[in-house]
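As the structure is a computational prediction, the values presented were derived from the model and not from experiment.
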Amino acid sequence: MQPDRHSRALAAHTLQQFRTLSPLTHCMTNEVVQSFTANTLLALGASPAMVIEPEEASQFAAIASALLINVGTLTESRAIAMRAAVEQAQQAKTPWTLDPVAVGALDFRRRFCLDILALRPAAIRGNASEILALAGMNAGGRGVDTTDTALAAIPAAQTLARQVGTIVAVTGEVDFVTDGQRTVSIHGGDPLMTRVVGTGCALSAVVAASCALEGDRLNNVASACSWMKQAGQRATEQSTGPGSFVPAFLDALYNLNAQEQA
């Protein structure tokens, strides 16, 4: 069955709610992308926070609107802090999102991600190879890069969503978001987005923040993907390469019109 295409009008309506709420988003993310992730959230109207010390991370997870766990630069001490934050988030009913960066390629992070899946993330966002690996299926992948297509990973994403009881976003040239029963596709973006460090990780933070919204979580996550693809497409039209893309992208996010229906 062909996935339904997510509505831009629905994404625009969700953006209006997002900016009104301005979710306080606790990002336990990798060191490479912290600044870009924070700026992406700020440009969209959310409030980012980076708290990593185990005692503070646990405390802050109960205060935040949403929590992101990104294992891109995972260490033993970070794993302890992340698990403490996730456990507290679960107790406080704070929705948390997992970004299983390169989970198919490295054993330590794969064991950690599989372990915390039992704590029921609200959403999982990864590329095709990461989602396939997390679902226990053979996957390619070259570090953080996928060697599988998002379309090929839809069955794995649907299975994972049903098993965990979560929303799974598998992202690529076309993004697919599923709750295991319904699946929607999000088109747009540009290949230039893959030439800039952090666009996928920043998307995971936006997905995490969107999980703090009321209403249909599948729609909220799909809308987050739509905002990023819209901004990426517009930024590419105004830039000449990766260096000029980043400021154009942040401007495009900031200038997304919540009333736009196109």
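Using modelled atom types and a 3.5 Å distance limit, the side chains of Q158 and T183 yield a donor-acceptor pair. With no hydrogens or angles considered, no side-chain donor-acceptor pair links T20 and Q16 at under 3.5 Å. In this structure, a donor-acceptor pair under 3.5 Å is present between the side chains of S223 and H6. Side chains of T97 and R125: no donor on one and acceptor on the other come within 3.5 Å.
Here the shortest heavy-atom pairing between T94 and A61 reads OG1-O, 2.9 Å. When all heavy atoms of H26 and A64 are compared, the closest pair comes out as CB-CB, 3.8 Å. Between A222 and I186, the shortest heavy-atom contact is O-CG1, 3.8 Å.
Looking at R182 and D4, no side-chain N of the basic residue comes within less than 4.0 Å of a carboxylate O on the acidic one, giving no salt bridge. The pair R78-E53 fails the salt-bridge criterion, with no side-chain N (NZ, NE, NH1 or NH2) lying under 4.0 Å from an Asp/Glu carboxylate O. Salt-bridge formation is detected for the pair D115/R83: a Lys NZ or Arg NE/NH1/NH2 atom is positioned less than 4.0 Å from an Asp or Glu carboxylate oxygen.
Looking only at side-chain heavy atoms (C-beta outward), M228 and V206 come within less than 4.5 Å of each other. Proximity of Q230 to R8: side-chain heavy atoms (C-beta onward) are separated by under 4.5 Å at one or more points. Considering only heavy atoms from C-beta on, L160 comes within 4.5 Å of L134 through its side chain. Between F36 and V197, the closest side-chain pair of non-hydrogen atoms is not below 4.5 Å. Side chains of Y254 and L44 form no contact here, defined as non-hydrogen atoms less than 4.5 Å apart.
With rounding to the nearest 0.5 Å, the separation of OG in S210 from CG in L21 is 11.0 Å. Here NE2 of H13 is found 14.5 Å from CZ of F18. Values are rounded to the nearest 0.5 Å. Between T29 atom OG1 and L68 atom CG the span is 5.0 Å, to the nearest 0.5 Å. The CZ atom of R217 sits 8.0 Å away from the OG1 atom of T166 when rounded to the nearest 0.5 Å. The structure places CG of N70 at 7.5 Å from OG1 of T37, a figure rounded to the nearest 0.5 Å.
Heavy atoms of other residues, nucleotides or ligands lying less than 6.0 angstrom from CZ of R162 number more than 12. Counting heavy atoms of neighbouring residues, nucleotides and ligands inside a 6.0 Å radius, atom CD of Q59 does not exceed 12 of them.
Between the side chain of S22 and the backbone N or O of G45, at least one donor-acceptor pair lies under 3.5 Å. At distances below 3.5 Å, at least one donor-acceptor pair connects side-chain atoms of R110 with backbone N or O atoms of V103. For S204 (side chain) and D99 (main-chain N/O), no donor-acceptor pair under 3.5 Å exists by modelled atom type.
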